[in-house]
Amino acid sequence: MAGWWLFHVDLDQFQVSVERLRRPDLRGRPVVVGGDGDPARARQVVTCASYEARALGVRAGLPMRVAARKAPDAVFLPLDHAGYEAASAQVMDTLRGTGRPLEVWGWDEAFLGVTADDPEPVAAGLQALVRDTTGLPCSIGIGDNKLRAKTATGFGKPAGMYRLTGANWMSIMGDRPVRALWGVGARGAARFAEHGIATVRELAAADPAELVRWWGPTTGPRYRALARGEGETEIRIEPWIARSRSHQRTYEQDLTERGVVERELRVLADQVVTDVVADDRVITRVAVVVRNSSFFTESHLRTLPEPTTSAAVVGEAAVSLLDRFELRRPVRLLGVRVELAPPP
DNA sequence: TCTGGGGTCCTTAGTCGT
DNA sequence: TCTGACGACTAAGGACCC
């Protein structure tokens, strides 16, 4: 009898793969995608590195200049959002076209609900379908819930598949560090270490009351469930409704004059409002983010007197929020974030 | 090595009204 | 009139993810 499976479909080195569709000569070579593609420019980081570049130590998040030092022979390319969006849409349409429920998670990931006795041949068929239709390679994690499927994908990369269920979760994950869990970052792992918890197995066996004391009534139980591999099994096919929208920019040279800061804030406000209006949404709150030259980040938020779609109103609100910041040091980054009213 | 951009969710703390 | 409990809401910051 057929079981219900969650597939996590993840496109491999997504941005690099899309670039290689247009430029087959890039296959087999180290490729680094990020910023405007100029590794000499300061304050840009790598968004996606090909496996050849990763072998040289280049990773997402690495400053482009450092990447250029590690991989001097790599091809550096600028980000092409429109291109990635189009490629992503094609992949998602292909998956949806199989008639199975699809939950899209950003450009390069999605969960698919699959009914099958034997899921691996189905996964192989999907990989072939995506590759033949779009030219893009993907990995598939197979699980009895979303967490296990998502975690399994990592063991299938590149271009492979892996199955993780209640039957093998602890034998595969138990001895790994808690950091291997999806949702446990460096800070979380450090806090667990303070309590003598290093591995997934130790976390799964931890006293639930202790976890609540350390982390609170919501997060404590969530970590425990995470370590045990528990997760959602439903696919939500409704499109995601964004709660907020933002634009932020790190300046190549820190800003030192208030007039310039105000002007840049209005530019960012214009960009955000343009996006929001294009999506037919309405703004209820405005936040400003300032990161200074010491990398200290501060934000302040204001609720508007009434919901708006006016760039002038948002710009004014942003500039007025500036009074709540110290602004004693040069400004490295400015951001404008708006929160949105629920759609009608 | 020196740290982007775009998001979400949670916690904590303060305020307000009943 | 004073006080406390409690929910709703706001604000700031932290952590995490891709």
Side-chain angles (χ1 to χ4, degrees), chain A residues 8 10-15 32-39 41-49 56-71 78-79 81 84-85 88 104-110 146-147 150-151 153-154 157 178-192 212 214-223 226 240-252 254 268 271-272 275-276 279 284-304 321 324-325 332-340:
Chain A
H8 179 249
D10 195 311
L11 296 162
D12 299 326
Q13 43 176 14
F14 176 56
Q15 286 88 349
V32 177
V33 181
D36 66 0
D38 180 358
R41 283 268 294 276
R43 298 182 171 178
Q44 304 199 85
V45 299
V46 174
T47 292
C48 182
L56 300 170
V58 179
R59 297 237 144 24
L62 198 69
M64 291 277 273
R65 280 207 289 220
V66 179
R69 203 172 317 137
K70 286 178 181 274
L79 289 165
H81 291 253
Y84 309 141
E85 197 146 357
S88 173
V104 177
W105 275 44
W107 277 347
D108 62 345
E109 297 179 58
K146 284 186 194 167
L147 170 65
K150 164 92 182 164
T151 308
T153 307
K157 281 185 166 293
V178 289
R179 187 71 175 83
L181 292 168
W182 182 48
V184 178
R187 308 304 291 258
R191 268 187 75 182
F192 278 122
V212 168
W214 299 337
W215 292 97
T218 309
T219 308
R222 210 185 52 214
Y223 277 137
L226 199 59
W240 181 252
I241 296 166
R243 276 99 163 133
S244 67
R245 214 53 203 260
S246 67
H247 268 279
Q248 60 181 55
R249 177 170 170 197
T250 298
Y251 299 91
E252 247 186 299
D254 293 344
L268 291 165
Q271 292 170 340
V272 179
D275 290 350
V276 168
D279 282 351
T284 56
R285 308 209 283 178
V286 178
V288 167
V289 183
V290 176
R291 174 130 77 213
N292 69 25
S293 53
S294 314
F295 220 75
F296 177 75
T297 308
E298 194 179 354
S299 69
H300 292 286
L301 174 79
R302 157 170 304 173
T303 301
L304 295 171
L321 278 165
R324 297 204 211 161
F325 295 84
R332 177 193 177 94
L333 168 149
L334 281 178
V336 172
R337 180 169 56 84
V338 297
E339 299 193 358
L340 308 173

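These figures come from a predicted structure and were not determined experimentally.
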Sugar-phosphate, base or nothing in reach of A:G216, heavy atoms under 4.0 Å: nothing
Short side-chain N/O contact to B:dC9 OP1/OP2 from A:R243, under 4.0 Å: yes
Cation-pi, A:W215 ring and A:R191 (6.0 angstrom, 45 degrees): yes
Touch class at under 4.0 angstrom, heavy-atom based, for A:V184 against every strand present: sugar-phosphate
Between A:Q44 and A:D36: side-chain donor-acceptor atoms closer than 3.5 Å: yes
Among B:dT1, B:dT8, C:dG13, the one nearest A:E298 by side-chain distance: C:dG13
Nearest-neighbour nucleotide for the A:L301 side chain, B:dG6, C:dA15, C:dA12 considered: C:dA12
Touch class at under 4.0 angstrom, heavy-atom based, for A:A60 against every strand present: nothing
Nearest-angstrom distance from the residue atom CZ of A:R41 to C1' of B:dG4: 12 Å
A:L321 side, atom CG; A:L301 side, atom CG - distance, nearest 0.5 Å: 7.5 Å
Touch class at under 4.0 angstrom, heavy-atom based, for A:G106 against every strand present: nothing
Presence of A:R332 side-chain N/O under 4.0 Å of B:dT3 phosphate oxygens OP1/OP2: yes
Which nucleotide in B:dG4, B:dG6, B:dC10 has an atom nearest any side-chain atom of A:R222: B:dC10
Candidate nucleotides B:dG4, C:dA11, C:dC17, ranked by approach to the side chain of A:K150 - the nearest: C:dC17
Between P of C:dC18 and CD of A:Q15, the distance in whole Å: 13 Å
Nucleotide nearest A:R291 when distance is taken to its side chain, options C:dA12, B:dG4, B:dG6: B:dG4
Atom-pair distance (OH on A:Y251; C1' on B:dT3), nearest Å: 18 Å
Options B:dT8, C:dA11, B:dG6, nucleotide nearest the side-chain atoms of A:A242: B:dT8
Nearest-0.5 Å distance, NZ of residue A:K146 to NE2 of residue A:H8: 10.5 Å
side-chain N/O A:T47 vs C:dC18 OP1/OP2, d < 4.0 Å: no
A:E85 CD - B:dG7 C1' separation (whole Å): 14 Å
Pairwise distance OG(A:S246) to CD(A:Q271) - rounded to 0.5 angstrom: 11.0 Å
N or O in side chain of A:H300 less than 4.0 angstrom from C:dA11 OP1/OP2: no
Span that lies between the P atom of B:dC2 and that of C:dC17, in whole angstrom: 25 Å
Touch class at under 4.0 angstrom, heavy-atom based, for A:G35 against every strand present: nothing
d(CZ, A:F14; P, C:dC18) in whole Å: 15 Å
Presence of A:W240 side-chain N/O under 4.0 Å of B:dT8 phosphate oxygens OP1/OP2: yes
Rounded interatomic separation in angstrom, taking CZ from A:R249 and C1' from B:dT3: 18 Å
Short side-chain N/O contact to C:dA15 OP1/OP2 from A:R187, under 4.0 Å: yes
Under 5.5 Å and under 30°: A:W107 stacked on C:dC18: no
Spacing of A:Y251 atom OH and A:L334 atom CG [to the nearest 0.5 Å]: 4.5 Å
Side chain of A:P63 - closest among B:dT1, B:dG4, C:dC16: B:dT1
Side-chain N,O (A:S246) to OP1/OP2 (B:dG7) below 4.0 Å: yes
Aromatic plane relationship, A:W105 with A:W182 - under 30° parallel, 30 to 60° tilted, over 60° perpendicular: tilted
Short side-chain N/O contact to C:dG13 OP1/OP2 from A:T297, under 4.0 Å: no
Euclidean distance, atom NZ of residue A:K146 to atom P of C:dC17 [Å, nearest integer]: 17 Å
Nucleotide C:dG14, atom C1' - distance to CZ of A:R191 in whole Å: 11 Å
Given B:dC2, C:dA12, B:dG5, the nucleotide with the shortest approach to the side chain of A:L333: B:dG5
A:W182 side-chain proximity, nearest of B:dT8, B:dG7, C:dC17: C:dC17
Residue whose closest nucleotide on DNA chain B lies nearer the 5' end, A:R337 versus A:W215: A:R337
Pairing of A:R324 and A:E298 as salt bridge, 4.0 angstrom limit: no
Sugar-phosphate, base or nothing in reach of A:R324, heavy atoms under 4.0 Å: sugar-phosphate
Given DNA chain B, 5'-ward residue of the pair A:T219 and A:F295, judged by closest heavy atom: A:F295
Whole-angstrom distance between C:dC18 and B:dT1, as gauged at atom P: 27 Å
Closest to the A:T303 side chain, choosing from B:dG4, C:dT10, B:dG7: C:dT10
